[in-house]
Amino acid sequence: MIQAINSALDVMLGRDPMVVVMGEDVGYFGGVFRATQGLQAKHGRTRVFDTPINECGIVGVAVGMGAYGLRPVPEIQFADYIYPALDQIVSEAVRIRYRSAGEYWIPITIRSPLGGGIFGGQTHSQSPEGVFTHVTGLKTVIPSNPYDAKGLLIAAIEDNDPVLFFEPKRIYNGPFDGHYDRPVTPWSAHPAGEVPDDYYRIPLGKAAVAREGNAFTILAYGTMVHVAIAFCEENGVDAEVIDLRTLVPLDVDTITASVEKTGRCMIVHEATRTGGFGAELSATVQERCFYALEAPIERVTGWDTPYPHGLEWGYFPGPIRLREAAKRLMEA
Amino acid sequence: MAKPSSPRAASRSKASATPPVPNRERPPEPERYSASREEMLEYYRQMMLIRRFEERAGQLYGLGLIGGFCHLYIGQEAVAVGMQSALEVGKDSVITGYRDHGHMLAYGIDPKLIMAELTGREAGISRGKGGSMHMFSVEHGFYGGHGIVGAQVSLGTGLAFKHKYAGDGGVCVTYFGDGAANQGQVYESFNMAELWKLPVIFVIENNQYAMGTSVNRASAEDQLYRRGESFRIPGLQVDGMDVLAVRGAANVATEWVRSGKGPILLELKTYRYRGHSMSDPAKYRSREEVQAVRDKSDPIEHLKKELEALGVSEDELKAIDKEIRGQVTEAADFAEESPEPGASELYTDVLVGRY
């Protein structure tokens, strides 16, 4: 998935002279996860450059650059580091269009790795998407595989609104089945690991049916798509897994169609539970599909705790919790 | 209003070629501390403990016993040891970033509890929930261990506020790196610290690289000791590879801060031998550069030579090394054998109260 993201940036740097890539260690060093490796050498230091360690400044400067016509793609090295930039995102990036009555807009795409599963402890594991989906005027994308990552990132960069592009770092190098004690399978063994070199787009706001089924619907995104699919395969569960791909805008039609078919719905995310995006999904499903539901909606999420270091897999909503929720869902 | 030039004005402009007289009191230039034999042996012991501990942590990481992020302090030992030898445990406070093992060891915190935290075990100093970057000790006035770059600088300023509020005579040593020195909140903190004359010693551990970005590629003013000047915080640049120079500067700094003159900023020029973290191949600098520092400026070798010149025998130093190896082995065994925290620990300490 790292190569797919690298390729998307490379393609867009090549196609649009207004695109610039910036962030901590993204230039010379090539990014901590190597997502920007080689881009500075290829496109030059005015297009791909290092910033000091100052997230508020990075995003603030990118907003100004965007208002005057550039298409900046700043990287925040870990999603956990994004909070100093919250003010610039919430009060500036997403609001300038509204308060200038459409005279200025901010076409920036903020990339940032999120999620746990690499023993990062509480400051390198968080999934803060719910903080941002609550912000009006901001699009939030979370891809689950290399093919999608490239197409969605290109669409995000071309989008004229601010986009947050969160990359689940646990699946940078391969899909994750939720069993932390098994070896990682590389993307090369997965159909979505095949990524064309050229330009292509995947529209924002369009979910994918990652696995077809009839017993119930699982709504997931990012890493949890693979955990959910593996759960179904390993337990012979005939569930339909919807990969949301974009949280805002949300593909309500695909969700509704699936839940109306199955009559049951489970929502899975790694982020903490209270006020998480699962709550929004649950409300949406209840509003749209109330008469089709045969059981209460289940949410399988991280606990309402910081992400622990030593108890990482106790926090992670893995196969055991999925199994328990599926049992409740089917017995109701 | 501009006046026509006169001979007097000309002579004045000539005078300004000499350094200006400071318009406010400044701390004296620090001198190298003249330590006693016993003190030097103690510094040697502490620096050696940090180095051997870190080497072992690196090995445990390689064996998969430590997961995630692990930032080693090897090369920077003189900073923590020199600074903290001037502090009083229990009266003063210390706070730092994610490269925190050395500061804890220099404060006399049990290596067993630190190593067990690195392996994420229940016996760890933060019960395995914090990990390498997030460790604390109330007993020692050690306030972490912070994974967010630069965030601890504001916290240290707050700790200093409490020292002043309580009139307890304590000072807070707030460490951060050359990379963190570019975070906005650092300057918000500088302003408040000087405005309120808080007893805080800001210590920039300038190891030359913010992960893969060298200081002069990220800092418009790369003489970081000057970063406090516009807030009227005096700054001193110190050889952070020489424990006695560090201690000398620590003496000047603690005296300045304890006497109510407000904060002070020390830039300690140092070097990390290993990568930023365990996954960093450190391709942004040459092998030769690292080797040259190791050969010429190693803080431990440096002190060892001085001890030998004082007549400390090789046997005496070997006995210290042996004792430390034992201590580190004990810590590693302890960290490996301790059980993992129970699942019930997941929900403890989220709030003081309950949900």
Side-chain angles (χ1 to χ4, degrees), chain A residues 23-34 36-37 45 49-60 77-78 80-85 87-88 116-126 169 180-181 272-274 302-316 320, chain B residues 66-70 98 116-122 124 126-134 146-151 177-186 209-215 217-220 276-277 279-280 282-284 340-351 355:
Chain A
E24 295 158 8
D25 271 319
V26 304
Y28 185 70
F29 191 72
V32 281
F33 292 103
R34 298 278 169 257
T36 52
Q37 187 145 36
R45 285 198 222 175
F49 54 91
D50 292 317
T51 64
I53 303 176
N54 42 203
E55 292 80 11
C56 178
I58 293 169
V59 174
Q77 198 167 72
F78 285 84
D80 314 67
Y81 299 175
I82 206 168
Y83 306 119
D87 190 37
Q88 290 293 345
I118 62 162
F119 280 111
Q122 58 180 264
T123 55
H124 294 73
S125 305
Q126 296 167 68
K169 57 175 119 47
Y180 60 90
D181 43 1
T272 50
R273 183 180 185 88
T274 303
W303 307 121
D304 280 338
T305 74
Y307 219 118
H309 175 70
L311 289 163
E312 171 150 54
W313 300 110
Y315 173 93
F316 189 89
I320 297 172
Chain B
I66 297 172
F69 296 82
C70 187
Y98 47 81
E117 188 61 36
L118 301 190
T119 54
R121 304 305 169 94
E122 178 145 32
S126 297
R127 270 184 275 165
K129 290 155 81 170
S132 162
M133 297 179 280
H134 315 110
H146 295 268
I148 299 296
V149 177
D178 45 280
N182 292 318
Q183 284 279 23
Q185 52 190 323
V186 169
Y209 293 94
M211 195 168 294
T213 301
S214 62
V215 174
R217 283 198 292 113
S219 296
H276 163 79
S277 67
S279 57
D280 170 15
K283 284 187 180 153
Y284 43 81
E340 303 204 349
S344 61
E345 277 292 343
L346 264 172
Y347 262 93
T348 57
D349 302 318
V350 178
L351 291 173
Y355 274 115

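Below, chain A is the first sequence line, B the second, and so on; all start at residue 1.
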Exercise for review: Take A:Ile118 and B:Phe69 through the side-chain contact (heavy atoms from CB on, under 4.5 Å) test and state the conclusion after the steps.
Suggested key: CA-CA 9 Å; A:Ile118 62 162; B:Phe69 296 82; 4.0 Å; yes
Measuring from atom [atom1] of [X] to atom [atom2] of [Y], what distance do you get when rounded to the nearest 0.5 angstrom?
{"X": "A:Gln122", "Y": "B:His134", "atom1": "CD", "atom2": "NE2", "value": "5.0 Å"}
{"X": "A:Asn54", "Y": "B:Asn182", "atom1": "CG", "atom2": "CG", "value": "6.0 Å"}
{"X": "B:Leu346", "Y": "A:Leu311", "atom1": "CG", "atom2": "CG", "value": "5.0 Å"}

Testing the basics here: between [X] and [Y], what is the closest heavy-atom pair and its distance to 0.1 Å?
{"X": "B:Gly147", "Y": "A:Thr123", "result": "CA-OG1, 3.5 Å"}
{"X": "B:Ala218", "Y": "A:Pro52", "result": "O-CG, 3.2 Å"}
{"X": "A:Ile53", "Y": "B:Val149", "result": "CG2-CG1, 3.7 Å"}

Check your understanding: Given that the side chain runs from C-beta out, which part of A:Glu312 has a heavy atom under 4.5 Å from chain B: side chain, backbone, both or neither?
Key -> neither
Review point. With a 4.5 angstrom heavy-atom cut-off, which part of A:Arg45 approaches chain B: side chain, backbone, both or neither?
Key: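 No part of A:Arg45 comes within 4.5 Å of chain B.
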Point to revise | chain B contacts, top residue of A:Tyr28, A:Tyr81, A:Tyr307 (heavy-atom pairs, under 4.5 Å) | key: A:Tyr28
Less than 4.5 Å to any heavy atom of chain A: does that hold for the side chain of [X], its backbone, both, or neither?
{"X": "B:Asp280", "result": "side chain"}
{"X": "B:Met211", "result": "both"}
{"X": "B:Glu122", "result": "neither"}

Check your understanding: A:Asp25 side chain to B:Gly212 main-chain N or O, any donor-acceptor pair under 3.5 Å?
Key -> yes
Exercise for review: May I ask you to name which of B:Lys283, B:Arg217, B:Glu345 has the most heavy-atom pairs under 4.5 Å with chain A?
Suggested key: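 Greatest number of close heavy-atom pairs with chain A: B:Arg217.
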Revision key, fill the gap. Checked B:Gln183, B:Met133, B:Arg127, B:Arg121 vs chain A; the most non-hydrogen pairs under 4.5 Å come from B:Gln183
**Study point:** Test side-chain hydrogen bond (donor to acceptor under 3.5 Å, both in side chains) applied to A:Gln126 - qualifying residues, sequence neighbours left out
**Key:**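 Partners of A:Gln126 under the side-chain hydrogen bond (donor to acceptor under 3.5 Å, both in side chains) test: A:Asp80, A:Tyr83.
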Practice item. Could you pull out all residues at least two apart from A:Asp87 that satisfy salt bridge (charged side-chain N to carboxylate O under 4.0 Å, His left out)? Key: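 Applying salt bridge (charged side-chain N to carboxylate O under 4.0 Å, His left out) to A:Asp87 gives none.
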**Study point:** Trace of the side-chain contact (heavy atoms from CB on, under 4.5 Å) decision for B:Thr213 with A:Phe29
**Key:** CA-CA 7 Å; B:Thr213 301; A:Phe29 191 72; 5.5 Å; no
